[in-house]
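See structure below.
Residue indices begin at 1 and follow the sequence shown.
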Amino acid sequence: MKIISLNVQSFGKLKNVRLDFNDGVNVIQNANGFGKTTMASFIRAMLYGLSSKTVGGMSELKRFAPWGDSGRFGGSIVLEHNGETYRIERFFGSTAKQETLTVVNAKTNKPVVLLPTVGEALLGLTVDSFDRSAYYPQESVELSANDNLEQRLANLVENGAEDYDKVQKNIRDYRRNLRLERGNGGEIYKLECRARELQTELSAAQNADRRNSAIERRLSEISVEQRELKLCQSEDGNRLDELRRKLAKVALTEAEAATAAKVRDLQGKLSRIPSEIEADRTELDDLAEKIRNVRDDIRPKIYPNRRVLIISVILAVLGLAALVVGIVLPQIVCIIAGVAAVIAGVAGIIVAYKRRGATTLPASARDAYISQYYAICSKYFYANDFDYKHTVKRFDEFYRDYVGDTRELAALKSTLKPAADTADLEREIHSLENAIAIGSSKITELASEQGRLEEERKHLCFDCITPQENLTSVREAIAAANVRYETAGLVARLLEQAKDNLSSGYLPRLCERCQQLLRQIMCNDYEIVIDREFNVKVRENGQTKNMSEFSRGTREIVLLCFRVALSELLYNGNVPFVIVDDAFVNYDEANFRRATELLKELSASGQVIYFTCHERLGGLLK
């Protein structure tokens, strides 16, 4: 591949710049600040584009945006590859989405699709491989920018090792993302946790489904029981109505019931009266006759005057007291007063008792008759509270009531119809009423149970299909993740094996060619040693040394030899395209001349574009 021309419309500090290129060596020589590095970066941008990723605080888009201009920037480049000429137009904006790319065949003006990038399609190199093989910018040899360059194969060779390490690290990270080697974590662990959750959810749904089935069966049973109970209730109700109508037909009317109640009251009342009342009545009449025929004796009766009697007693006592005092002191006045008081008291006592009319006292026979009379009356009422006359009157009244009640009872019985035997009907009615009450209670209990079951059913989640489908999906994802995990492990092992096979295939050739180029430039007998990890060492006078032990210029020459040797290895000895951006500033004159002569040799099979601000050109113009 070779570049025919480029046209920079706007890129960094460059504006409206056009350059044409020839086969072989093309030297772009100008002072510092002209934009040589920007021009080299423009060629790279036309092939691979610009990254929007921020590195060192600035992205490539911002770095090469036109100074003082926020519009679109870019240009075009015309190049030849395998006999075809292509025109590439690429413009950039402030974001990656604003980038536009057009590739046409310059001979036919037909659009051409070059994927995945123009550089990869034409050179067969990724942008990283291009930076480390065909593109030699100044900063690529600034070893202080990357301390690791002193111990590992620089640029492309080093990048290959880094790519391998990166891939292995990515595989390890990928496997760790799937499953941690120790402890719990990773996608598989999360999926397994999710599977356990779904299994628990499925089990709960299955239990809920079984519970729902049990509830449905019980609700069906309740419905059957309710229908049966309601049917029984209806039958019992009809039977109860029928029995009540029968009972109403044979039962007494309200008046008859009152009469029957009156009969029961009179019967109870008469049953408490002794049955010998008639004989007692005859006997009492005889006793009354005898009492009337007993002769009475008239005798006076003395009644004391209590007030006079009390005053007289007190007066007599006081008189005796005064008499005693008069004798003791002696006082004649007290003696006289005492004698007078005693006389007056005795006289008062005598006066208090006197005859006050006469009374009739029964003879002994009369008293005996009266006692018998009281004894007979006591069988019917309490007679001791009355005298004889009142007792006679009270018994006459009692007997008249007895006779009246007897006659009323006889009259009521004559009007009362015979009572029917309703005991069986009443017992059956009572039994049916109890059965209906029990049935109603049972229906209420069943309705309450039905409500509880229906409410419980509303809160049951018995959808087994969704968790089962999710569980199947998660298990499939676990199986797929395990396959990916094992496949990643297999890839890592195969990469390790491939690296061993690859390194054993090209490392000897790479070491030999690098050593040949190094001896050609430096005219010494250095030997290059590269291990499978791409650690680079130089053996001098039989002693192997790290690159850090050599001067900066020597290290840069070694890195140049590696670039050329690897480029030749990549393209089987014919390097198609090299861009050098003043990469030999630290070389001495002899080494610079031999390095430029090496570039001159490369230009025999490809194109070399050399940007520099120095006057020396070494072997480039030979």
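- Note on Glu221 versus Arg217: no salt bridge recorded, every NZ/NE/NH1/NH2 to OD/OE distance being 4.0 Å or above.
- A donor-acceptor contact shorter than 3.5 Å links the side chain of Arg72 to the backbone of Gln98.
- Side chain of Asn482 to backbone of Ile478: a donor-acceptor contact under 3.5 angstrom is found.
- Once rounded to the nearest 0.5 Å, the distance linking CD of Glu476 with CG of Leu191 reads 12.0 Å.
- Distance check: Ile28 CD1 to Cys613 SG gives 13.5 Å after rounding to the nearest 0.5 Å.
- Side-chain atoms of Ser220 never come within 3.5 Å of backbone atoms of Glu216 as a donor-acceptor pair (strictly under, hydrogens ignored).
- Looking only at distances, a side-chain donor or acceptor of Arg90 sits under 3.5 Å from a matching main-chain atom of Met46.
- The backbone N or O of Asn22 sits less than 3.5 Å from a side-chain atom of Gln607, completing a donor-acceptor pair.
- Taken to the nearest 0.5 Å, the CG atom of Leu50 stands 10.0 Å off from the CZ atom of Arg63.
- Glu80 contributes no side-chain N or O that, together with a main-chain N or O of Lys2, makes up a donor-acceptor pair within less than 3.5 Å.
- Between Glu197 and Arg194, at least one side-chain nitrogen of the basic residue sits less than 4.0 Å from a carboxylate oxygen of the acidic one, meeting the salt-bridge criterion.
- Using a distance-only test at 3.5 Å, with no hydrogens or angles considered, no donor-acceptor pair links the side chain of Gln450 to the main chain of Leu219.
- For the atom pair CZ (Arg539) and CD (Gln515), the distance works out to 8.5 Å, reported to the nearest 0.5 Å.
- Side chain of Glu187 to backbone of Asn177: no donor-acceptor contact under 3.5 angstrom is found.
- Going from atom CG of Leu19 over to atom CG of Leu6 covers 5.0 Å, rounded to the nearest 0.5 Å.
- Considering CZ of Phe42 and CD of Gln9, their distance stands at 9.5 Å, rounded to 0.5 Å.
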